[in-house]
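Note that ligands are numbered from 1 as they come in the structure, with each ligand's atoms numbered from 1 the same way.
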Amino acid sequence: MSADLRVEAAVVSRGLDVAFDVAAGETVALLGPNGAGKSTTLAVLAGLLRPDAGRVVVDGEELTGPRRWVPPHARRTALLAQDPLLFPHLSVVENVAFGPRSTGAGRRDARASAEHWLGEVDASHLAGRRPHQLSGGQAQRVAIARALAAEPKVLLLDEPMAALDVAVAPALRQLLGRVLADRTTVIVTHHVLDALLLADRVVVMDGGRVAEQGPSSVVLSRPRSAFAARFAGLNLVSGTATAHGVRGPDGTVVHGTVHGTPGAEPPREGEPAVAVFRPSAVAVHREPPGGSPRNAFPVLITELEPLGDLVRVRASDLAADVTVTSVAALALAPGLPVTFVVKATEVEVYGH
Ligand SMILES: Nc1ncnc2c1ncn2[C@@H]1O[C@H](COP(=O)(O)OP(=O)(O)OP(=O)(O)O)[C@@H](O)[C@H]1O
C-alpha cells in the first residue's frame, strides 16, 4: 500500500517554496519554527490548498499540477490533525467505518474493516461509544484507526500528540511507531523524540524553505541549520545494548535508562542501541572526576561555538553546553584534553 511521494510547491501569499521526496514506506518528520510553513505543506499534500506553482506526485500519479487537480477525498492521502475531529453523532465503530465507506466499500466490509483497525489501535472496547465519551488519547486512537481504515497511500500527521496529556503521549507514540512502519508518512512534530524514534528522515523548514534534510540521527546529532541545532543537537552514542546502557565502538559503556522504542520491547543485551543525552546535561572537567558513578568521556576539544548565552563545546562527536564563565574559568580551548561528564539519569537508551 505504500507509495513514493514528491512535492514541489510555491505558495506566494505564505512565502512557501519547498521541494522534497519521501520514499515508499519511509516516514519523514517536518520540523521547523512556528510559521515555517509545515502545516501549509501538509495542506498542499492533502489537496486542501492549491499552490501557485508546483506539483504533488504520489506513486507516479500527479495529484496536483499545472493542469491537474485531484480533490482531497480522491487522493488516497489521510490527514490526521491535532484535534481528532470525529463525527459527534456517530459511534466509534461508525466513525472508523466512514473511512472505507468513503472509498466505496459496502456497509458490511466497511464494518469489518473498522473492527479490524480498532483492534490494531487497541480500541476494540470503545466501539460502541460516542466521541464525547472518549478521553483525548482514546479519540486520537480512533482517529488513527479511521485514517488507516481508508487504506491511504500516504499518511499525513499534523502534531498528532500536541493536544494530549504528557502522560498518554508515550503510549500513542508507541502505537504510531507500530502503525507507521512501512507506511509512507509525513509527520509534523515539535518533539525531538518523535523525530528520532518515528522518522527515518527529517526535513527542517525555516521561512517557507527547506533549511536542511537528512537521516534523523545525523541531522539531530550534527545539525547544520540554526533551528535544528537549537531543536536537537543531541549527543548520540551508537553501539550495542548492555543491561544498563550502551557499549560504544571503543568498548566504553554509557550508562543510562533503557527504554522500549515504539512498537518494540527494550533492546536486549547485544542488540543495536543508541544512548541519547542533551549537551546541556554534560559537564566539562579539566581533571577526570575520581570514584564517581557518572559517565566520563576523556576527549579533546575540537571547537567552541557561541550558542545564545552559552557556549557549545564540541569534542569528536560529542557536545557540551556550558556558560561563558565556565569556559573562562576552565580556560577551555580547541586542542585541550578534558573530560565530559554526564549522569546516568540524564541518559536515555533506545533500541535502534
Ligand atoms: N489560513 C491561512 N491564511 C493565510 N496565511 C496563513 C494561513 N495559515 C498560515 N498562514 C501563514 O503562512 C505561513 C506558514 O504558516 P504555517 O502554519 O504553514 O507554518 P507552521 O510551520 O505550520 O507553523 P506552526 O508550527 O506554528 O504550526 C505563516 O506566515 C502563516 O502566518
Worksheet entry | Glu346/Arg278 salt bridge by N-O under 4.0 Å criterion | no
Lining ligand 1 at under 4.0 Å, by non-hydrogen atom distance, are residues Arg14, Pro33, Asn34, Gly35, Ala36, Gly37, Lys38, Ser39, Thr40, His190
Residue set satisfying side chain to side chain contact (heavy atoms under 4.5 Å, CB included) with Ser39, at least two apart, ordered chain then number -> Asp158
Grouping ILVMFWY residues whenever side-chain heavy atoms fall under 4.5 Å, the cluster of Val12 otherwise contains none
| Path from Val342 to Leu300 over hydrophobic side-chain contacts below 4.5 Å | no
Apart from Leu85 itself, members of its ILVMFWY cluster (side-chain separation under 4.5 Å) are none
So, Asp122 and Arg178, do they make that salt bridge, N to O below 4.0 Å? yes
